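Report on the structure given below.
Please read all numbers here as calculations on a predicted model, not as lab measurements.
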Amino acid sequence: MRIFFSLILLLAVQLSEAQETINQSLLINSNLTKNANAVVRLDKMNIHISSKTKMNIKHKRIVTVLNKYGSNATHTFRGYDLDSRLISMQALVFNQFGKQIDKFKEKDFKDVSAVDGSTLYSDSRIKYLEYTPIAYPYTVEFTYEYTTSNTGELLPIWYFLDEFYLSTEKSSITFTYDEESFKPEVREVNLKGLDVKKDITKGKIAYTVKNIPALKKESLSPAFFKISPQLQIRPVNFTYGGYDASINTWQDLGKWMYSNLLVDRDKLPEPTINTIKLLTKEAKSDIEKAKIVYKYVQDNTRYISVQVGIGGMQPISAIDVDRVKYGDCKGLSNYTMALLQAVGVKAYYTHVEAGSYKESFKKDFASLAEGNHVILAVESNGRYYWIDCTSQIHPFGFLGDFTDGRMVHVIKPNGGELVQTDSYINEDNYQKTEALITLANNGAIAADVIITTKGIQYDDRFSIERKPFDDIKKHYKSYWRYINNLTLGDYNFLNNRDSIVFTEKVSLEAANYASVSGDRLLFRVNALNRNNVVPDRYRNRKLPLEIQRGYLDEDEFNILLPNSFKVEAMPNNTLIENEFGMYSVSYKLSEDLKNVEYKRKLLIKEGYYPKEKYKDYRDFRKKVSLTDNAKVVLVKK
């Protein structure tokens, strides 16, 4: 008996010592502190699914914060709603020696709405801890437990490494389930070469990964989610918002969503139906009708976030949007769909993962958690026209860089399908700059400029037409920031919403643009679209190179030379072609020697390349920058 109690005591001491070790920061392996703002000492989650309507989650996260940039890594927050109940929550803070210096109970956490002030109402709330450290490093141990009836709320991704400049000492996730039908589908991503331990037995799936060093963000590296070690997780048989689901394919998921989220929410009041029919009665095609309906929605509604309904996923009804004249992406898309149906145009509610970085749904991994935005697919002549019903300024059929070029989930009564939205590839993202530039004897310039843009370059520029004069002036001074003493003159904008082309006509002046050197003027010919950015240099690059969006710029400038000067020297014409794109520049002196014609073309192609290609790409962009800054030398006659 004495031996038994001695063993128990020894085990308790060992556990205590292990806990003290994990909460102090002096002995962290240097491989984990290199390039790190914080070290995740332990990230442990246990998920138990006891029935189709009951799931329990316990989470412990211990993080050593090394400097002020690592404070957000503690993740001391937890959301909840009507279907998810917090059981407990606590945070402990330790100094660098592992001594506890603070303790926070659930009542010490702030309790606020989980969505921003633009949301009218929401079921979702969040409890979070605000902590101001007295010294670095320090360690936070954060634990919580909650239970939910939404077993479809299963964690969609478990990141073993959360973000750049953050390392992981130990990360583990365990699923236990009382019936085999509750077993989630789990997919491994980017785990090759890591210290991974798996325990997959009946009723259990467990993964543990140890000692992942921090990744340093590099210029033009892929988005973190593409390179991070992770598990992608989806429930198969679950309950969400009180509705049972059994999902194996995107068609299954689309049918479930239509039946439970959308059905009977497309009713409209008779006066509104009569109004929209009257507006479209002269339209000669479905697309012409759709453009009129889209304009009607843009002119008569506004966006405001609404996070209620089944887990915040169900749109408010079309009749309610019509009454209050506002809605979120879900409500406005459903409302527009109802208006289109009223005039005989097919349109489908569509889930998308929106953001400037293209992120597609996974073809063979149908998950309710996919998607953070809703758009509309208007069907006509065997193709889809895409519209974002939250935008009051975008033309019909133009998505811009928020939802372009990615696989989305189109939801129909008989099921869902994955479809790729319109892509704006390379030359589609077009800009042409034409200019008549007059160079004076004293080095001043005056220019009349026309800039025409299409594709994503249109998306980058067309909103300027809605800005006040002071903001327009700031825009051009920033755009031509390498031109000192810039004075903006007249300007005019033309936004062709049918062809989706934006045209800017701008006049400008700048004193002392050319450098005076004795009897000479040194003049950078590319005054209006100069590329001065060269990607960072790395002696030992770690990450792949991704050019997410290609583009094509064409420039044609006619430079009128001062009468008292002549050309003494001009740069050579240049042509570079490679896997990344093409760059060409030409200079031509007129027969009467009074003007120089400058033509330039720069094509950058989108692509994903191994890290070994980065130096070649950087060299290419360096040559572009050097040539863009080349000078013509003028000398007095």
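No donor-acceptor contact under 3.5 angstrom links the side chains of D401 and S356, judged on distance only. A donor-acceptor contact under 3.5 angstrom links the side chains of N496 and S499, judged on distance only. Defined by atom type and a distance below 3.5 Å, a donor-acceptor pair is missing between the side-chain atoms of Q392 and Y303. In the model, Y424 has no side-chain atom that pairs as donor or acceptor with a side-chain atom of E606 under 3.5 Å. A donor atom on one side chain and an acceptor atom on the other are not found under 3.5 Å apart for N429 and Q457. Between the side chains of N629 and N532, at least one donor N or O sits under 3.5 Å from an acceptor N or O. Judged purely by distance below 3.5 Å, without hydrogens or angles, the side chains of N529 and T433 never pair a donor atom with an acceptor atom. Side-chain atoms of N558 and E597 include no donor-acceptor pair closer than 3.5 Å.
Checked against a 6.0 Å centroid threshold, the rings of Y538 and Y614 count as neighbours. Between F398 and F396, a ring centre-to-centre spacing not shorter than 6.0 Å is recorded. Ring centroid separation for the pair F502 and F493 comes in under the 6.0 Å cut-off. Side-chain rings of W250 and F361 approach one another, their centers coming within less than 6.0 Å. Side-chain rings of F523 and Y513 approach one another, their centers coming within less than 6.0 Å.
Note that the NZ atom of K615 and the CZ atom of R539 stand 12.0 Å from one another [nearest 0.5 Å]. Atom-to-atom distance recorded for S380:OG and D286:CG is 5.0 Å, nearest 0.5 angstrom.
More than 12 heavy-atom neighbours from other residues, nucleotides or ligands sit within 6.0 angstrom of CG on N300. For NZ of K566, the number of neighbouring non-hydrogen atoms (other residues, nucleotides, ligands) closer than 6.0 Å is 12 at most. More than 12 heavy-atom neighbours from other residues, nucleotides or ligands sit within 6.0 angstrom of CZ on F365. In N572, the CG atom is not crowded: 12 or fewer heavy atoms of neighbouring residues, nucleotides or ligands sit closer than 6.0 Å. Counting heavy atoms of neighbouring residues, nucleotides and ligands inside a 6.0 Å radius, atom CG of D536 exceeds 12 of them. For NZ of K454, the number of neighbouring non-hydrogen atoms (other residues, nucleotides, ligands) closer than 6.0 Å is 12 at most. By the 6.0 Å contact criterion, CG on D299 is enclosed, its count of non-hydrogen atoms from other residues, nucleotides or ligands being greater than 12. Within 6.0 Å of NZ in K637 there are more than 12 heavy atoms belonging to other residues, nucleotides or ligands.
Remark: F565 pairs with no residue by the ring pair (Phe, Tyr, Trp, His ring centres under 6.0 Å) rule, at least two apart or across chains. The side chain to side chain contact (heavy atoms under 4.5 Å, CB included) test applied to C329 returns H373, V374, T390, not counting sequence neighbours. Every side chain to side chain contact (heavy atoms under 4.5 Å, CB included) that P222 has, sequence neighbours left out, goes to K226, I227, Y357, P544, E546, Y608. The ring pair (Phe, Tyr, Trp, His ring centres under 6.0 Å) check on Y617 picks up F580, with sequence neighbours excluded. Judged as a salt bridge (charged side-chain N to carboxylate O under 4.0 Å, His left out), and not counting sequence neighbours, the contacts of D364 are R187. Among residues two or more places apart in sequence or in another chain, the side chain to side chain contact (heavy atoms under 4.5 Å, CB included) test is passed with Y384 by Y348, A377, E379, W386, V410, K412, E417, V419.
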Decide yes or no on salt bridge (Lys or Arg N to Asp or Glu O under 4.0 Å) for E554 and K432, but give the supporting numbers first.
CA-CA 5 Å; E554 288 190 294; K432 184 168 187 178; 5.3 Å; no
Going through the distances and angles, do D459 and H394 end up as a side chain to side chain donor-acceptor pair (under 3.5 Å)?
CA-CA 8 Å; D459 196 32; H394 278 84; 2.9 Å; yes
Could you go step by step and tell me if S507 and D448 meet the side chain to side chain donor-acceptor pair (under 3.5 Å) rule?
CA-CA 4 Å; S507 63; D448 292 314; 4.6 Å; no
Would you check, one step at a time, whether the test salt bridge (Lys or Arg N to Asp or Glu O under 4.0 Å) holds for E579 with K605?
CA-CA 8 Å; E579 62 188 307; K605 297 179 181 179; over 6 Å; no
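For E353 (side chain) and G371 (main-chain N/O), a donor-acceptor pair under 3.5 Å exists by modelled atom type. With N531 contributing its side chain and V533 its backbone, the two residues share a donor-acceptor pair below 3.5 Å.
Scanning both residues, N484 and A510, for their nearest heavy atoms gives O-CB, 3.6 Å. Closest heavy-atom contact between R406 and S360: CA-OG, 3.3 Å.
Each of R530, R524, R600 was compared with D628 under the side-chain hydrogen bond (donor to acceptor under 3.5 Å, both in side chains) criterion, and only R600 meets it. Screening I276, L376, V297, T280 for a side chain to side chain contact (heavy atoms under 4.5 Å, CB included) with L340, the sole residue that qualifies is L376.
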